[in-house]
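Values below: all heavy atoms of this structure, side chains included; hydrogens, waters and symmetry mates excluded.
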Amino acid sequence: MGFIKTRDGNEIHYKDWGRGRPVLFIHGWPLNADAWEDQMKAVADAGYRAIAHDRRGHGRSSQPWEGYDFDTFADDLNDLIDALGLWDVVLVAHSMGGGELARYIGRHGTSRVSKAVLLSAIPPLMMRTPDNPEGVPAEVFDDIKDGILAERSQYWRDASAPFFGANRPGTKATQGNRDAFWFMAMQESVKAGVDCVTAFAETDFHEDLRAFDVPTLIVHGDDDQIVPIDATGRKSAQIIPNATFKVYEGSSHGIALVPGDKERFNADLLEFLGT
């Protein structure tokens, strides 16, 4: 556990567990590195080095007023990889973190990357447009911003239900899942929360995905109420050369934390790391 200094003077907090080939986890919004602890333990127990960081504006990292865009996030990730001297690294990203991973490859290439994993990830484009009719309507993102600004604590409590599919019959999501989501969300700054909505709604990652030239695993639940699979995971699987695409039937956005899905994903991740 520690901090690295970015090129613009901000501090990025990270966790660093185990020894071996590095696996770097990139969290979703509005979470932080703690969201990956189950996966970090699984890969560290299997003989890998597990690393996860808090994105700027989230968790224990700096909360600058500016820089909540994917070019900056990708450059922060590059600063972390440089500072820790990582090579042959496997990048694993959830949700908004998938945009960070994609833009990192688009801007910095894959010379230090051996594999990539996109879990419930936002690329290639979240917002509905004439060319992306499967996307999410713009007014949904406006409502999210309004909810954060109106009363963020209650907004996060409410948002935890669709995030984990807790509003579905027979859900395996727990109150603990929802409480953990709220706790992590409350550590994100309001400024970061609102600016990130704009970033993940509007940023187009098509060209970044075309730059992928490493083995890539894409995992997505077909009942994801946050990042619709038809606008994101299915399209990414068509764009990234030779990607492996796994659909989890009936699964929510919070695959890495929900009992049952978590264990399935951990097994798929370890299998992919070993291939």
Side-chain angles (χ1 to χ4, degrees), residues 1-4 12-29 31-55 58-61 73-74 76-105 108-123 184 208-209 211-220 233 236 240 242-246 248 254-257 261-275:
M1 183 179 294
F3 292 87
I4 64 105
I12 298 296
H13 173 269
Y14 69 93
K15 300 182 177 190
D16 193 345
W17 298 357
R19 295 178 179 85
R21 182 183 182 188
V23 182
L24 199 164
F25 294 90
I26 308 166
H27 67 81
W29 173 94
L31 308 176
N32 59 49
D34 294 350
W36 286 117
E37 288 214 354
D38 291 309
Q39 288 70 41
M40 290 182 69
K41 184 178 187 303
V43 302
D45 283 345
Y48 297 91
R49 179 184 177 188
I51 303 160
H53 67 295
D54 297 345
R55 184 179 298 110
H58 298 68
R60 292 138 292 204
S61 292
F73 299 146
D76 287 349
L77 180 60
N78 187 62
D79 288 343
L80 177 67
I81 290 171
D82 279 345
L84 299 183
L86 304 181
W87 293 90
D88 195 31
V89 64
V90 180
L91 299 179
V92 182
H94 173 241
S95 191
M96 177 180 171
E100 189 172 323
L101 189 165
R103 185 53 51 89
Y104 170 83
I105 289 178
H108 299 283
T110 57
S111 63
R112 302 177 81 155
V113 178
S114 59
K115 295 182 179 182
V117 180
L118 295 172
L119 172 65
S120 309
I122 64 170
M184 285 184 270
D208 302 292
L209 295 181
F212 279 48
D213 59 1
V214 295
T216 301
L217 172 65
I218 300 171
V219 175
H220 216 113
S236 291
I240 298 173
N242 302 313
T244 299
F245 183 38
K246 295 197 174 187
Y248 286 15
I255 284 171
L257 291 166
D261 286 338
K262 170 177 71 176
E263 290 78 10
R264 180 180 178 185
F265 175 66
N266 290 358
D268 284 339
L269 174 60
L270 289 172
E271 181 183 8
F272 181 66
L273 292 177
T275 57

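- Minimum heavy-atom separation, A211 to I105: O-CG2, 3.9 Å.
- Here I255 contributes atom CD1 and N266 contributes atom CG; the two are 11.5 Å apart, rounded to the nearest 0.5 Å.
- Qualifying salt bridge (Lys or Arg N to Asp or Glu O under 4.0 Å) partners for R264, counting only residues two or more places apart in sequence or in other chains: E249.
- Side chains of F245 and I240 form no contact here, defined as non-hydrogen atoms less than 4.5 Å apart.
- Under the ring-ring contact (aromatic ring centres under 6.0 Å, His included) criterion, F73 pairs with F70, not counting sequence neighbours.
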Trace of the side-chain contact (heavy atoms from CB on, under 4.5 Å) decision for H53 with L24 = CA-CA 8 Å; H53 67 295; L24 199 164; 3.9 Å; yes

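- When all heavy atoms of V214 and A116 are compared, the pair lying nearest together is CG2-N, 4.2 Å.
- Listed by chain and number, the residues in a side-chain contact (heavy atoms from CB on, under 4.5 Å) with A83 are I4 (sequence neighbours excluded).
- One distance of note links CG of L80 with CD1 of I26; it measures 9.0 Å at 0.5 Å rounding.
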Are I51 and L84 close enough, and set up right, to give a side-chain contact (heavy atoms from CB on, under 4.5 Å), and what steps lead you there?
-> CA-CA 10 Å; I51 303 160; L84 299 183; 4.0 Å; yes

Stepwise side-chain contact (heavy atoms from CB on, under 4.5 Å) test for L119 and L269 = CA-CA 10 Å; L119 172 65; L269 174 60; over 6 Å; no

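- Here the shortest heavy-atom pairing between G59 and N32 reads CA-ND2, 3.8 Å.
- Among residues two or more places apart in sequence or in another chain, the salt bridge (Lys or Arg N to Asp or Glu O under 4.0 Å) test is passed with D16 by R49.
- Residue L273 comes nearest to K115 through the heavy atom pair O-NZ, 3.4 Å, listed as atom of the first residue, atom of the second, then distance.
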Checking side-chain contact (heavy atoms from CB on, under 4.5 Å) for the pair Y248/V219: CA distance, chi angles, key distance, verdict?
-> CA-CA 7 Å; Y248 286 15; V219 175; 3.6 Å; yes

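- For A74, the side-chain contact (heavy atoms from CB on, under 4.5 Å) test picks out R103, Y104, R107, with sequence neighbours left out.
- Remark: D213 pairs with no residue by the salt bridge (Lys or Arg N to Asp or Glu O under 4.0 Å) rule, at least two apart or across chains.
- Nearest heavy atom pair, residue I218 against residue A243, reads CD1-CB, 3.9 Å.
- Side-chain contact check for L118 versus H220: every heavy-atom pair is 4.5 Å or farther apart.
- Between the side chain of E100 and the backbone N or O of L77, no donor-acceptor pair lies under 3.5 Å.
- Legend: residues meeting side-chain contact (heavy atoms from CB on, under 4.5 Å) with A52, ordered by chain and number and at least two apart, are F25, A33, W36, M40.
- For the pair S120 and H94, the tightest heavy-atom approach, listed with the atom from each and the gap, is CB-CD2, 3.8 Å.
- S111 is linked by a side chain to side chain donor-acceptor pair (under 3.5 Å) to nothing, counting only residues two or more places apart in sequence or in another chain.
- H27 meets the ring-ring contact (aromatic ring centres under 6.0 Å, His included) test with H58; sequence neighbours excluded.
- Note that CG of L217 and CD of E271 are 9.0 Å apart. Values are rounded to the nearest 0.5 Å.
- Under the side-chain contact (heavy atoms from CB on, under 4.5 Å) criterion, L257 pairs with D38, F164, N177, not counting sequence neighbours.
- Listed by chain and residue number, H13 satisfy the ring-ring contact (aromatic ring centres under 6.0 Å, His included) test with F3 (two or more places apart in sequence, or in another chain).
- Inter-residue side-chain proximity for V92 and Q39 is flagged as unmet; no heavy-atom pair is nearer than 4.5 Å.
- Each salt bridge (Lys or Arg N to Asp or Glu O under 4.0 Å) pair with one or both residues in residues 81-99, not counting sequence neighbours, appears once here: R21-D88, D82-R112.
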